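Residue numbers start from 1 in every chain, and the chains themselves are labelled A, B, ... in the order their sequence lines are given, proteins ahead of strands. Just so it is clear, the model here is predicted, and its values are computed rather than measured.
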Protein chains: 2
Amino acid sequence: MAQMNNVTPLFKDMAKLEHDHRVACQECSLYRLCLPLGLHNKDLAQLDKIIKRSQSHKRGEALFTTEHAFKSLYVVRSGSFKTTISATNGREQVTGFYFPGEFIGLDALYQESYQSNAQALETSSVCELPFDSLQELGKDMPQLQVQLLSRLSKELSGDKSLMLLLGKKTADEKLATFLLSFSKRFSDRGFSATEFHLTMSRGDIANHLGLAVETVSRVFSRFQEEGLITILGKGIVLRDIAKIKGLCG
Amino acid sequence: MAQMNNVTPLFKDMAKLEHDHRVACQECSLYRLCLPLGLHNKDLAQLDKIIKRSQSHKRGEALFTTEHAFKSLYVVRSGSFKTTISATNGREQVTGFYFPGEFIGLDALYQESYQSNAQALETSSVCELPFDSLQELGKDMPQLQVQLLSRLSKELSGDKSLMLLLGKKTADEKLATFLLSFSKRFSDRGFSATEFHLTMSRGDIANHLGLAVETVSRVFSRFQEEGLITILGKGIVLRDIAKIKGLCG
DNA sequence: CCGTTTTATTGATGCAGATCAATGTGATTA
DNA sequence: TAATCACATTGATCTGCATCAATAAAACGG
């Protein structure tokens, strides 16, 4: 944990924080953001046993797709991922971005089949939770179930906000909201709330927010002219958070 | 159950199906769509004990709002509801419509506070599940937890599809998708897949799909001209499901 | 390191759907 | 059953953002 709180250099992003893949939950820097929160030591040890700590996934590599058989839930360990779903005609929607400590695959529980595709945005690693084992474990560990419910509920709540964003907000509001949401998530993880890297492409951002790439570029440029932010390629500095907040609608 | 499967008259909507508020889960016509599915008799009896079967809510009445203290989850028993969230500036987004057997309030679990407002669209009733009791019960009833997880996951999955709809679909595609989703939900409940009542206003539909009321009206009218549907006020007849499917994108 | 490809920016134009406006229709109440 | 009110339809106009087009600047592979 110390590891994370001490590191907030300019544009040092989370991918840099790779650590030993085998470190147990107790020692993991993500502990306080992650599933095991609130479990007793004994339970934690049991959970620890079923977790597979996978090798890293390279940028662009799929963690899973809707074609794969459902087997596991995943928690991001380092790096970042995006999830997408596709319409029959090939159009895609980026349904979410995922950072360390966040769950991927929760929408697969119902039907026990992946409903989306998950792809690494940079070199990233995950903790794999085989669903069978997790369910088995859950039978004698109500606290674990509660945690899972809580995670699902949190994502649900976030998705409802995204519906508001997609359905009712202007391009400016969408991007302001997007920037603040990232700011919050980075700062929750011990990083700067005002300076960070966007690990995804402008295309991914645009897609996620229901905009065209060109619009994202233009709005970012204008925000910069207006002194709200500074853009350095994928790096962003928030210069006036108050004003950005005012733009969220 | 018989009750529901036998009833598919033209435009007889679900509100008409009101039944004794005190009927137990075992005898409830919604059993096979509802939470208790898969519970043993003994567990079911226990669940039954904590459920409060509320009096009916009139059209427009709030089931809960974000102002209320979180206390319970709800399952629609008869009628229908909508949920909304509001932006700071007063704009609202209709985040969902809910029919018998469907859960309301799942996004409140995380934070244990209601994140949305729920309102009856017609005279409706619910089964109230006090969260404390539910959690208590869940400790010795893993199957119940699994059911809850499954419900949450289903809603999550639906919301992701809605993100695709809101972010990437045209007005025609949105409305075609909307009509088919309702067709499916009605037919799942033993009603006609081709003839049903829309219990919500055009405004609610428009809002939910990220459109203006006028657009909804216009597209419905054009769909009618093209022989896809027939409109009789709030009543809808789907005349060419295949073609409507083709329009969903 | 250079050539190639991908991604991002900036400008010019077009259009789907919003907004504005007027009228119609069905519900509710007295 | 008329009066009122909320909701729905239809037409005319406007606009935010998409799309098209042309560079520019990174990222990548050899």
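- Each of B/S201 and A/A212 lies near DNA chain D, and the nucleotide nearest B/S201 is the one positioned closer to the 5' end.
- Aromatic ring centres of A/F81 and A/Y74: separated by at least 6.0 Å.
- In this structure, the CZ atom of A/R59 is 9 Å from the C1' atom of C/dT7, given to the nearest Å.
- B/F223 places its CZ atom 14 Å from the P atom of D/dT9, with the value rounded to the nearest Å.
- Summarising the geometry, the separation between CG on A/L211 and C1' on D/dT19 is reported as 14 Å, rounded to the nearest angstrom.
- Remark: side-chain polar atoms of B/K174 are paired, donor with acceptor, to backbone N or O of B/L209 under 3.5 angstrom.
- Counting atom types as modelled, A/E214 pairs no side-chain N or O with a base atom of D/dC17 as donor and acceptor under 3.5 Å.
- A/T123 and A/R59 form no side-chain donor-acceptor contact under 3.5 Å, judged by distance and modelled atom types alone.
- Under 4.0 angstrom from either OP1 or OP2 of D/dC17 there lies no side-chain N or O belonging to A/T215.
- Straight-line distance from the CZ atom of A/R218 to the P atom of C/dT9: 11 Å, rounded to whole Å.
- The side chain of A/S221 places an N or O atom within less than 4.0 Å of a non-bridging phosphate oxygen (OP1 or OP2) of C/dT10.
- In this structure, a donor-acceptor pair under 3.5 Å is absent between the side chains of B/R53 and B/S125.
- B/G203 comes within contact range of the sugar-phosphate backbone alone, with a heavy-atom separation under 4.0 Å but no base atom that close.
- Within the 4.0 Å cut-off from OP1 or OP2 of C/dA8, at least one side-chain nitrogen or oxygen of A/K234 is found.
- Atom CG of B/N207 and atom C1' of D/dC7 are 15 Å apart (whole Å).
- Salt-bridge annotation for A/K154 and B/D107: absent, with no side-chain N of the basic residue lying under 4.0 Å from a carboxylate O of the acidic one.
- Summarising the geometry, the separation between CZ on B/F220 and P on C/dT25 is reported as 19 Å, rounded to the nearest angstrom.
- Residue B/G60 is out of contact with every strand shown, counting any heavy-atom pair closer than 4.0 Å.
- The separation between B/E173 atom CD and C/dA16 atom C1' is 12 Å, rounded to whole Å.
- In this structure, B/L121 atom CG and D/dC7 atom C1' are separated by 15 Å, rounded to whole Å.
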